[in-house]
Amino acid sequence: MDDVRTLAVDCGGGGIKASVLDRSGTMVASAVRTATPYPLPPTLLVSTIEELAGQLPDFDRVTVGMPGMIRHGVVIATPHYVTRDGPRSRVLPELVEQWERFDMRSALKAALNCPALVLNDAEVAGAGVITGTGLEMIVTLGTGLGNAVFDGGRLAPHTEISQGPVRWGLTYDDYVGEHERLRLGDAHWSRRIRRIVAALRSMYMWDRLYLGGGNSVRITPTHRQRLGDEVVIVPNDAGIRGGVRAWDL
């Protein structure tokens, strides 16, 4: 298995990107990307991944990270993908029904004719950055908020922090999602990031927290310095680079 190649796919609320990695986790081809299509039934996501795969070199297996609660490759809930036009748009009941308990792993295995691993997107990103020592947590900041926890390098059961209440009836997705960053500006939004880091720290008592996703680099220097010594900002490509290591978790 030393020469096994992995197709890694990072599915977000605004875009889907993919690349092929060698056993060490190094990309053997530049990542390809497409805008996330909406409305997005499960079959369309599978065919979109197939199209991206067709633009890349051959691979032996596939890792897909996608938003929501995923258990053993089965979608329990995926808040973004049940909407008409993307995050914060109208929820379509027919999409809720189609996505509920959809076996994404089996669908991809059949479509791509190879073994498949499907996880929450933050779990794949975390696999790309953790050291494997102590309690480590990753929070991804993008269209919404993603999260994953690892204990001694092992993936803990997933919780959807993004859907938890923060204040004023807002969820974490509402409070620090991309729409709020654009509305508030980076400085005010960064203050909110500090608040949620402080709140989560008291709940998880991690040894190290990683902040990833496309918006982590937008935390302003002043607020970044006050996050804490155990908080590390990591590159957005962790959602791709974690595609190999995720198989060992």
Do Gln225 and His223 pair up side chain to side chain, a donor and an acceptor below 3.5 Å, judged on atom types alone? no
I'd like to know if the side chain of Thr78 reaches the main chain of Gly68, judged simply by a donor and an acceptor atom lying under 3.5 Å from each other, with no hydrogens or angles considered. no
Taking Gly25's backbone N and O only, do any of them form a donor-acceptor pair with Asp22's side chain (distance below 3.5 Å, no angle check)? yes
Donor-acceptor contact present, side-chain Asn147 to main-chain Ile161, <3.5 Å: yes
Straight-line distance of Arg194 CZ to Thr220 OG1, nearest 0.5 Å: 9.0 Å
Less than 4.0 Å between a side-chain N and a carboxylate O, is that true for Arg23 and Asp3? no
Sub-3.5 Å donor-acceptor pair from the side chain of Asp121 to the main-chain atoms of Gly65, do we have one? no
Can Arg61 be said to sit on top of Trp247's aromatic six-ring, NZ or CZ under 6.0 Å from centre and within 45° of the ring axis? yes
Short question: side chain of Arg192, backbone of Tyr175 - any donor-acceptor pair under 3.5 Å? yes
Main chain of Arg154, side chain of Asp151: is a donor-acceptor contact present, judged purely on distance under 3.5 Å? no
Do the rings of Trp99 and Phe102 sit parallel, tilted or perpendicular, given the 30° and 60° boundaries? perpendicular
Using modelled atom types and a 3.5 Å cut-off, is there a donor and acceptor pairing between side-chain atoms of Thr6 and backbone atoms of Ala8? no
Step by step, work out the side-chain hydrogen bond (donor to acceptor under 3.5 Å, both in side chains) result for Glu51 and Thr34. CA-CA 10 Å; Glu51 290 176 8; Thr34 187; over 6 Å; no
Tell me every residue that passes salt bridge (Lys or Arg N to Asp or Glu O under 4.0 Å) with Asp207, counting only those two or more places apart in sequence or in another chain. none
Any Lys/Arg nitrogen of Arg88 or Asp174 sitting under 4.0 Å from an Asp/Glu carboxylate oxygen of the other? yes
